[in-house]
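First comes the structure, then the notes that go with it.
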Amino acid sequence: ANEVFNKMIETGLRPNVVIYTTLISGHCREGNTDYAFKLLDEMVKTGIVLDVFTYDCLIHGLCKVGKIQEANIMFKEMLDKHLAPSVFTYSAFLHGYCKLGEMNEAGKIFKEMLARGLMPNDVIYTTLIDGHCKQGNLELAFAMFNDMVQKGVKPSVHTYTVYMHHLCKAGKMQEAHHLLQEIHDKGLVPDIITYGSLIDGYCKKGNMDDAFQLHHHILRKGIQPNIAIYNSLINGLCKLGDVQGADRIFKEMLERGLVPN
RNA sequence: UAAAGACGUCC
C-alpha cells in the first residue's frame, strides 16, 4: 500500500483526504500509530484537514494499543472542530477500555454515547458483552444481551459466539448449546468459530461424544474444520488416554491438508 | 476510507 501511495506521488498525483485516511487506517490496524501520525503530519502539511473518518481511524489505532489518553486528546480536538463523533468513534473507545478490563470506563462511554442520541449497534453490544465476560461477569454480559434484544438491536453471530465462547470456558455447555439452537432458529448461520468454541468446551469437559457430534455435523455441512478444532479434539482425546483415537484424528487432519502447528 | 470473536504444551 505504501508503494502504491509513493508511486502515486511520483506520478504527480495529489492524494486527497480519502487516500491519506485509507493508508492511515491500514497502519493503525497494524498497530503502527507512529507511522500513522507521520502520514497525518504529511497530510496536514499539504493543507488537507482531517475529517471524521481520519479521527475515527486514529482514535481506533490509539485505543487498540492502549493509548487511550492520546485517543482522548484526538477526541477533544475533534469536538473543538465541531466534528460529531460517530458510533464508530465510541466503538473504538469501548474496545480500548474493554481490552484493558476497565469496564466502569466502558460503561461511562456507553452512557455518553446514548446521551448523544447515538443508537448502539450490534458491534457495540458485542464488545461490551465480551468485555464483561472477560472480567468473569457473565451475569452482566447476559443483562447486556437482554438489553440489546429489548432495544431491538439484533444479536449477530458474533454476539452469540462471544457469549457462547465464555459459557464454554465456564463449562456451561447446556446453556451454550441452547444458544446454538437459538442461532439456527433465528435464521443465522454459525461459523467455524462458533463451532470451535463448542467443540473445545466439550473436549475440556471430556465429553467427546458431543464434541464429535458437532465435528461430524460441520463435516456434513461441508465446512472445513481448522487447526484449532483438531487441536481441541486431539487434546480432549489425549487427556482421556485415548491416544489411538487421537492418532486417528491427527491422520484425518493431515488428510484434509492441514499442517500441525 | 473506519470497529468486535475460537485452538495446543506447562500451571
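Each chain gets a letter, A, B and so on, in the order the sequences are listed, and its residues count up from 1.
- Distance from the side chain of Cys57(A) is smallest for A2(B) among the nucleotides A4(B), C7(B), A2(B).
- The two atoms that bring Ile199(A) and Ala211(A) nearest to each other are CG1-O, 3.9 Å, heavy atoms only.
- When the side chain to side chain contact (heavy atoms under 4.5 Å, CB included) test is applied to Glu252(A), the partners found at least two apart in sequence or on another chain are His215(A), Leu219(A), Tyr230(A), Ile249(A), Arg256(A).
- Taking 3.5 Å as the limit, the base of A3(B) and the side chain of Ser91(A) contain a donor-acceptor pair of atoms between them.
- Within the nucleic acid shown, Thr126(A) comes within 4.0 Å of at least one base atom, counting heavy atoms only.
- Around atom CG of Asn104(A), no more than 12 heavy atoms belonging to other residues, nucleotides or ligands sit under 6.0 Å away.
- Atom-to-atom, CD1 of Ile199(A) to P of G5(B) comes out at 20 Å; the value is rounded to the nearest Å.
- The residues Lys134(A) and Asp130(A) are annotated as salt-bridged, a charged nitrogen and a carboxylate oxygen being separated by less than 4.0 angstrom.
- Considering only the side chain of Phe53(A), U1(B) comes nearest among A4(B), U1(B), A6(B).
- Of the candidate nucleotides A6(B), A4(B), U1(B), A6(B) has the atom nearest to the side chain of Ala228(A).
- The side chain of His95(A) approaches A4(B) more closely than any other nucleotide in the set A4(B), A6(B), A2(B).
- Between Ile193(A) atom CD1 and A4(B) atom P there is a gap of 12 Å when expressed in whole angstrom units.
- Residue Asp130(A) has its side chain nearest to A4(B) when only A4(B), C10(B), A6(B) are considered.
- Taking the side chain of Lys239(A) as heavy atoms from C-beta on, and the options G5(B), C10(B), A4(B), the nearest nucleotide is C10(B).
- Within 4.0 Å of Asp200(A), counting heavy atoms only, lie sugar-phosphate atoms of the nucleic acid but no base atom.
- Side-chain atoms of Asn226(A) and base atoms of A6(B) include a donor and an acceptor less than 3.5 Å apart.
- Aromatic ring pairs are classed by plane angle as parallel below 30°, tilted from 30° to 60° and perpendicular above 60°; the pair Tyr195(A) and His217(A) is tilted.
- Across C7(B), A4(B), U1(B), the shortest atom-to-atom separation from the side chain of Val18(A) is found for U1(B).
- Atom CG in Asp191(A) sits roughly 12 Å away from atom P in G5(B) (whole-Å rounding).
- There is no path of hydrophobic side-chain contacts, each under 4.5 Å, that joins Leu167(A) to Leu140(A).
- Contact annotation for Thr54(A): no contact, since no heavy-atom pair falls under 4.0 Å across all strands.
- We find that CZ of Phe93(A) is positioned 19 Å from P of A2(B), with the value rounded to whole Å.
- A sub-4.0 Å separation between OP1 or OP2 of U1(B) and a side-chain N or O of Arg29(A) is absent.
- To the nearest angstrom, C1' of C10(B) lies 13 Å from NZ of Lys204(A).
- Asn121(A) contributes a side-chain N or O that forms a donor-acceptor pair with the base of A3(B) under 3.5 Å.
- The distance between atom CG of Leu214(A) and atom C1' of C7(B), rounded to the nearest whole Å, is 15 Å.
- One atom, NE2 of His215(A), and another, P of A6(B), lie 21 Å apart when rounded to the nearest Å.
- Taking every side-chain heavy atom of Lys169(A) into account, A6(B) is the closest of A2(B), A6(B), C10(B).
- In this entry the distance linking CG of Leu167(A) with P of G5(B) reads 18 Å, nearest Å.
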